[in-house]
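Only one structure is covered here, and it is reproduced in the block below.
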2 protein chains.
Amino acid sequence: MGNIVKEPRIVKIRENVLRKNDILARELRERFKKEEVYVINMVSSPGSGKTTLLTEVLTRLGKNYNVAALVGDLATENDADRLEKSGARVKQIITGTVCHLEAQMIEESLENWELSNIDFLFIENVGNLVCPSSYDLGENERVVLFSTPEGEDKPEKYPTMINSADTTILTKVDLSEAVDFDKDLYYKAVQDARPGIKMFETSVKTGEGVDEWVAHLIAGRSETYKTN
Amino acid sequence: MGNIVKEPRIVKIRENVLRKNDILARELRERFKKEEVYVINMVSSPGSGKTTLLTEVLTRLGKNYNVAALVGDLATENDADRLEKSGARVKQIITGTVCHLEAQMIEESLENWELSNIDFLFIENVGNLVCPSSYDLGENERVVLFSTPEGEDKPEKYPTMINSADTTILTKVDLSEAVDFDKDLYYKAVQDARPGIKMFETSVKTGEGVDEWVAHLIAGRSETYKTN
């Protein structure tokens, strides 16, 4: 069996784009820090359940905190419509043909928002396990979601994504049995790809694990900004 | 709710890359035609079940035809290892950080293969619902797979992918009930995105629909090359 290792042909230009993005992301991070906004960048493949989990988290977290969300998609405002049911402030970013969100899109989306009124800002990235990995959005925490129906080996197959992440969530654990999901194999794949990364498990259907992730976010914010 | 429509910043370079790819794809198509190889480009999001379905199809089709497969991934040879269980000739293409296969990768992979000995060549693309859409690989048929756990709205959310496809397969239909999948909604989303596109449904677990897709491929090849 032969391997063909390809070098991207557009490396140089991409490097310039990324440099620009990094500068903007740094500026965003400064603003978030100043206003004590804890920012979570959610990445995953399409259909892993980002919107469903986020709707639930916005609802639970929204009882005690000011929460907001930006959501990226190539087309449609479906996800923003779904997220708005939580009562949170939500804005859709339509990327057209671009398979990731960039710091500039975040900056433009925040133009009319008062950051001092936001405790937690969630950024639901475009459903894609490759493109979003190189784009820093100024977030405090990048979480990558894998769902049980996708199979156990995704962490191993998408190394750039898991290497750029801070946390993982295994979603749809209620389906584990129906899809013959082997959790041990998955945990091994995650830890092989990124030793020591924090791992959560959720099912919005049964409610399992959602409070644990919410508690983790509250702790993250209070550690970062020394709030109570 | 505001929209932010972004223009990709690397359009110009990408156009040149695409032009190069199209020329190579045309050459590949000529070669496939000369040797009567029917080529299927399989695209989908990660974990939709491309490899599982393909293993089954290679096994069934391999009883009467010479079948082969190329499989693209950022990392690992897992999928080639799985596909080889079918007994078919298989080659893994490792793309590194590239989120799609290109015509050049296909050409290089075929270097030591005798095309005249192949009736059906399957190309399992990198799991991604965005990047592969712009890259013609010289295929006869591009099929996009959506799995029931991904939800009904994916055809609507990934318009560039479904617009470049010839056929759709809904996979993991055995899970429909467990994931509350609404088939009518899905069919509507598919037909709204691409009116008239041919739609299949499969479950490798129950065997449902696999023979129908195999029969469609056999018919496709015999119509294209006037073989029997």
Side-chain angles (χ1 to χ4, degrees), chain A residues 1-10 13-14 17 20 45-49 73-80 84 90-99 102 104-105 108-109 111-112 126-131 134 146-151 153-154 156-160 172 174-175 178-179, chain B residues 1-10 13-14 17 20 45-49 73-80 84 90-99 102 104-105 108-109 111-112 126-131 134 146-151 153-154 156-160 172 174-175 178-179:
Chain A
M1 223 181 317
N3 285 0
I4 296 171
V5 179
K6 293 290 302 178
E7 285 299 317
R9 299 181 200 161
I10 43 178
I13 288 78
R14 190 159 276 174
V17 172
K20 250 196 205 172
S45 103
S48 68
D73 270 303
L74 273 69
T76 84
E77 299 210 344
N78 294 358
D79 284 358
E84 278 191 331
V90 176
K91 201 178 273 181
Q92 179 84 47
I93 303 175
I94 306 277
T95 63
T97 59
V98 180
C99 50
E102 298 182 13
Q104 197 188 330
M105 304 179 193
E108 290 170 15
S109 305
E111 246 165 35
N112 301 312
V126 178
N128 200 299
L129 273 180
V130 184
C131 316
S134 325
F146 298 105
S147 66
T148 54
E150 292 170 46
D153 66 346
K154 293 302 164 288
E156 196 184 349
K157 278 185 156 183
Y158 295 87
T160 49
K172 309 189 190 181
D174 55 287
L175 291 175
V179 299
Chain B
M1 226 179 313
N3 285 0
I4 296 170
V5 179
K6 291 293 299 181
E7 284 301 314
R9 298 179 201 162
I10 43 177
I13 288 78
R14 188 158 277 171
V17 171
K20 251 197 203 171
S45 104
S48 68
D73 271 303
L74 272 69
T76 84
E77 299 210 344
N78 295 358
D79 284 357
E84 277 189 332
V90 176
K91 201 179 272 181
Q92 179 83 46
I93 304 175
I94 306 278
T95 63
T97 59
V98 180
C99 49
E102 298 182 13
Q104 197 187 330
M105 304 179 193
E108 290 171 15
S109 305
E111 246 165 36
N112 302 312
V126 178
N128 200 299
L129 273 180
V130 184
C131 316
S134 326
F146 297 105
S147 66
T148 54
E150 291 170 47
D153 66 346
K154 293 302 165 287
E156 196 185 348
K157 277 185 157 183
Y158 294 87
T160 50
K172 309 189 189 180
D174 56 287
L175 291 176
V179 299

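As a basis for the values below, the full set of heavy atoms in this structure was taken, side chains included, without hydrogen atoms, waters or symmetry mates. Labels below follow one simple rule: chain letters A, B, ... track the order of the sequence lines, proteins then strands, and each chain is numbered from 1. It should be emphasised that the depicted structure is a prediction, and the values quoted were computed from it without experimental measurement.
- In this structure the side chain of Thr76(B) never reaches within 4.5 angstrom of the side chain of Asp153(A), judged on heavy atoms.
- Most heavy-atom pairs under 4.5 Å with chain B, from the set Asp174(A), Asp79(A), Thr160(A): that is Asp79(A).
- For the atom pair Leu129(B) CG and Ser45(A) OG, the distance stands at 8.0 Å (nearest 0.5 Å).
- Counting heavy-atom pairs closer than 4.5 Å to chain B, the top-ranked of the candidates Pro46(A), Gly151(A), Ser48(A), Gly127(A) is Pro46(A).
- Under the rule for a side-chain hydrogen bond (donor to acceptor under 3.5 Å, both in side chains), the partners of Ser147(A) that lie at least two apart in sequence or sit in another chain are Glu150(A).
- Counting all heavy atoms, side chain and backbone alike, Val130(B) lies closest to Thr97(A) at CG1-O, 3.9 Å.
- Partners of Asp73(B) by salt bridge (charged side-chain N to carboxylate O under 4.0 Å, His left out), not counting sequence neighbours, listed by chain and number: Lys157(A).
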